[in-house]
2 protein chains.
Amino acid sequence: MICQCESCHLKTLFYSSIRLDEIEGYCSSRREIGVKAGEDLIKQGEEIRDFIYLKEGLVKLYRKSDNGQIQIIRFGKPFDFVSLLSVFSDDKYNYSVSAIEDSVACVFDLSEIKQLILTNGAFAMHLIEIQNRASDLIIMNTLDLLQKRLYGRVASVLLYFAIEIYKSDEFELPISRKEIAQYIGMSIENVIRVISAFRKDKIIQVYGKNLAILDRERLERMRDLS
Amino acid sequence: MICQCESCHLKTLFYSSIRLDEIEGYCSSRREIGVKAGEDLIKQGEEIRDFIYLKEGLVKLYRKSDNGQIQIIRFGKPFDFVSLLSVFSDDKYNYSVSAIEDSVACVFDLSEIKQLILTNGAFAMHLIEIQNRASDLIIMNTLDLLQKRLYGRVASVLLYFAIEIYKSDEFELPISRKEIAQYIGMSIENVIRVISAFRKDKIIQVYGKNLAILDRERLERMRDLS
DNA sequence: ATCAAAAGATGATATATATCATATAGATAA
DNA sequence: TTATCTATATGATATATATCATCTTTTGAT
């Protein structure tokens with residue numbers, strides 16, 4: 001029987017560079033893992049054996065720094081590779097991945113992916129491009145945060161969820177103020193304060209977990225200045 | 001005539017995965033470019049045609065952010081690929097590279113490297129590993145800076161040059177206070193102040209461009225706390 | 001050698017951010 | 001339900017950082 005991945009978006013990324021007779025083997029190691037919100041998909045320090053791709057849901061990549069602080073590296077949405085960092089350069093994960101929303105991951109044997117790289121140039125090329133784009137995004141994002149101040153950083157995160165994740169100015173904020181703080185490198189109290197200030201200034205509206213961006217332009221100006 | 005790259009360290013990275021009959025073509029597009037301190041090797045916005053590797057010297061990768069600020073992304077030392085970021089994912093450089101010290105770069109046609117990826121699995125695998133390691137380093141570094149305060153960030157930079165670049169506690173600091181500021185995302189004045197403070201505390205000694213780390217342990221503690 | 005520009009240095013002050021304290025609402029477990 | 005914990009919220013204060021100003025030193029150009 002031929003592979004069941006017809007509906008999977010991974011197909012558009014990879015299948016174009018894989019010959020039909022390779023698809024069988026390619027799918028053989030593929031399995032799906034469901035993780036509930038709060039559960040870990042990858043634990044820092046674990047040995048890297050898999051190549052993981054997010055099919056559904058939302059996850060966070062984070063690490064525990066030397067002094068014990070939790071730092072969120074980035075968020076992962078469907079079609080993102082959550083195991084791109086370190087996968088090919090290290091033997092142990094130097095970050096953890098946990099589900100923010102209930103999620104489904106596609107898991108492949110890393111050894112199989114490596115075999116594909118060795119034997120299929122087009123696949124390798126494709127993977128390199130995807131990897132590059134992903135790394136560049138993280139780097140540019142983190143650099144952006146580094147030169148912004150508190151207000152710009154918070155605005156940045158809110159706009160990220162509106163634009164990249166939910167593609168709408170109204171959404172349920174999936175992360176806590178604490179997680180925002182861990183992502184942008186500021187204190188929890190100040191994150192809360194800024195969100196309150198945005199609310200009082202009618203830039204956003206908050207009711208429970210729901211968040212609506214009322215004045216997108218002003219929020220973008222807050223993000224872009226300083 | 002066979003390739004002249006015997007002495008080049010690139011050999012150890014790449015030649016192991018390249019067959020002898022490929023070396024000829026591999027070398028055909030290779031050329032060396034010398035850049036004097038202060039000169040640009042790559043300009044942000046330029047089209048990406050080359051694959052560049054630093055043979056000698058010291059460079060900085062930097063970008064101009066949306067609001068016009070200059071931000072240093074990382075430094076490049078011999079055997080670093082200075083064109084790893086975006087090379088395979090974009091058509092234009094989104095950063096510049098300029099020489100801090102007089103430098104020599106090895107330049108290859110990107111198209112030729114891409115051809116190698118397509119036809120040589122071992123080479124592709126090797127390149128992916130190198131790329132991953134490089135990206136991970138930048139990401140972890142930038143994340144580290146993001147959660148550190150002024151003193152920790154400055155300590156971090158000084159130790160970086162001591163450990164990674166010069167492998168000695170005494171060296172000529174190759175960059176200005178302004179460049180340190182552009183790298184760590186703090187003001188020039190405060191960078192100067194911190195260096196003065198380190199000097200007054202006998203953690204470092206400064207005479208002209210020369211810098212000596214007198215108390216490595218304390219400097220490392222400064223880096224690691226907060 | 002001279003001048004101009006940039007880098008380094010430092011003080012005074014304003015602003016931004018963290019920290020500590022406390023309170024309330026919401027979530028979770030017993 | 002009650003009790004307990006966590007998240008959100010806000011004020012007061014301490015600390016960290018930026019900004020502005022001024023000065024000296026170094027560097028670079030002519």
Side-chain angles (χ1 to χ4, degrees), chain A residues 36-39 60 67 69-72 98 100-101 145-158 172-201 204-211 222-223 225-226, chain B residues 36-39 60 67-72 98 100-102 145-158 172-201 204-211 222-223 225-226:
Chain A
K36 296 224 168 114
E39 283 180 7
K60 63 177 175 185
N67 56 48
Q69 272 181 297
I70 296 290
Q71 187 174 32
I72 293 178
S98 77
I100 293 175
E101 300 171 352
L145 287 180
L146 190 64
Q147 70 172 13
K148 280 190 211 307
R149 305 280 190 75
L150 175 59
Y151 275 70
R153 291 187 191 181
V154 175
S156 209
V157 177
L158 299 183
E172 242 185 58
L173 189 65
I175 58 171
S176 66
R177 314 288 192 261
K178 186 178 177 182
E179 285 171 309
I180 294 179
Q182 289 169 340
Y183 180 52
I184 68 175
M186 297 275 168
S187 71
I188 302 172
E189 293 96 322
N190 277 334
V191 169
I192 292 173
R193 258 184 268 269
V194 172
I195 290 179
S196 289
F198 284 164
R199 187 163 39 70
K200 282 170 194 156
D201 282 353
I204 63 173
Q205 194 176 339
V206 182
Y207 35 103
K209 280 276 170 204
N210 287 90
L211 193 147
M222 300 261 32
R223 178 194 58 188
L225 67 76
S226 116
Chain B
K36 295 223 167 114
E39 283 181 6
K60 62 178 174 184
N67 57 47
Q69 273 181 295
I70 296 289
Q71 186 173 33
I72 292 178
S98 76
I100 293 175
E101 299 171 351
D102 293 353
L145 288 180
L146 191 65
Q147 70 172 14
K148 280 189 210 308
R149 305 280 191 74
L150 175 58
Y151 275 70
R153 292 185 190 182
V154 174
S156 208
V157 176
L158 299 183
E172 243 184 58
L173 188 66
I175 58 173
S176 66
R177 313 290 192 260
K178 186 177 177 181
E179 286 171 310
I180 295 178
Q182 289 170 339
Y183 180 53
I184 69 175
M186 297 274 169
S187 71
I188 302 171
E189 294 95 322
N190 277 335
V191 169
I192 292 173
R193 256 184 270 268
V194 173
I195 291 179
S196 289
F198 284 164
R199 186 163 38 72
K200 280 169 195 156
D201 282 354
I204 63 172
Q205 192 176 342
V206 181
Y207 33 103
K209 281 278 170 204
N210 287 88
L211 194 146
M222 300 261 31
R223 178 193 58 187
L225 66 74
S226 117

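Numbered from 1 within each chain, the chains take letters A, B, ... in sequence-line order.
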* **side-chain contact (heavy atoms from CB on, under 4.5 Å) evaluation trace for M222(B) with L158(B)** => CA-CA 11 Å; M222(B) 300 261 31; L158(B) 299 183; over 6 Å; no
* I would like to know whether K148(B) and R223(B) meet side-chain contact (heavy atoms from CB on, under 4.5 Å); could you show each step before the answer? => CA-CA 8 Å; K148(B) 280 189 210 308; R223(B) 178 193 58 187; 4.0 Å; yes
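Within 4.0 Å (heavy atoms only), R153(A) reaches no atom of the nucleic acid at all.
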Produce the list of close N/O pairs, under 3.5 Å, pairing protein atoms with atoms of nucleotides 15-21 of chain C; give distances to one decimal.
unit_1, atom_1, unit_2, atom_2, d
dT17(C), OP1, L150(A), N, 3.0
dA18(C), OP2, S187(A), N, 3.2
dA18(C), OP2, S187(A), OG, 3.2
dA18(C), OP2, N190(A), ND2, 2.8
dA18(C), O3', R149(B), NH2, 2.8
dA18(C), N7, N190(A), ND2, 3.2
dT19(C), O4, R193(A), NH2, 2.7
dC20(C), N4, E189(A), OE2, 3.3

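What separates CD1 of I204(B) from C1' of dA9(C) is a distance of 14 Å, to the nearest Å. Rounded to an integer number of Å, the gap from K200(A) NZ to dG11(D) C1' is 11 Å. Look at CZ on F198(B): it is 16 Å from C1' on dA9(C), rounded to the nearest Å. E172(B) places its CD atom 15 Å from the C1' atom of dA7(C), with the value rounded to the nearest Å. Rounded to whole Å, atom C1' of dC23(D) lies 12 Å from atom CD1 of I192(B). Atom C1' of nucleotide dG11(D) and atom CD1 of I188(A) are separated by 17 Å, given to the nearest angstrom. Residue K178(B) contributes atom NZ, which lies 8 Å from atom C1' of dA6(C) at whole-angstrom precision. The separation between I195(B) atom CD1 and dT10(C) atom P is 11 Å, rounded to whole Å.
At dG8(C), one or more side-chain N or O atoms of R177(B) fall inside 4.0 Å of OP1 or OP2 (strictly under the cut-off). The side chain of S196(A) contributes an N or O atom lying less than 4.0 Å from OP1 or OP2 of dT10(D).
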* Quick one, give me the B/S/- string for nucleotides 24-30 of chain D, reading 5' to 3', where B means a protein heavy atom under 4.0 Å from the base and S means that only happens at the primed atoms, P, OP1 or OP2. => -------
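Residues E179(B) and P174(B) share a closest heavy-atom pair of OE1-O, 4.5 Å. What you find for I100(B) and A37(B) is that their closest heavy atoms are O-CB, 3.3 Å.
For the side-chain contact (heavy atoms from CB on, under 4.5 Å) test, residues two or more places apart in sequence or in another chain that qualify with K209(B) are E172(B). In this structure R177(B) satisfies the side-chain hydrogen bond (donor to acceptor under 3.5 Å, both in side chains) test with no other residue, sequence neighbours excluded.
Each salt bridge (charged side-chain N to carboxylate O under 4.0 Å, His left out) pair with one or both residues in residues 181-190 of chain A, not counting sequence neighbours, would appear here, but there are none.
For the helix from dA1(C)-dT30(D) to dA30(C)-dT1(D), the angle separating the two terminal helix axes comes to 60°, with each axis derived from five pairs and the value rounded to 10°.
Expressed to the nearest 0.5 Å, how far CZ of R153(B) lies from CD1 of I180(B) amounts to 13.5 Å. Within the model, atoms CD1 of I195(B) and CG of L173(B) stand 6.5 Å from one another, a figure rounded to the nearest 0.5 Å. Rounding to the nearest 0.5 angstrom, the gap separating the CG atom in L145(B) from the CG atom in L145(A) is 12.5 Å.
No side-chain donor from either of S196(B) and R193(B) sits under 3.5 Å from a side-chain acceptor of the other.
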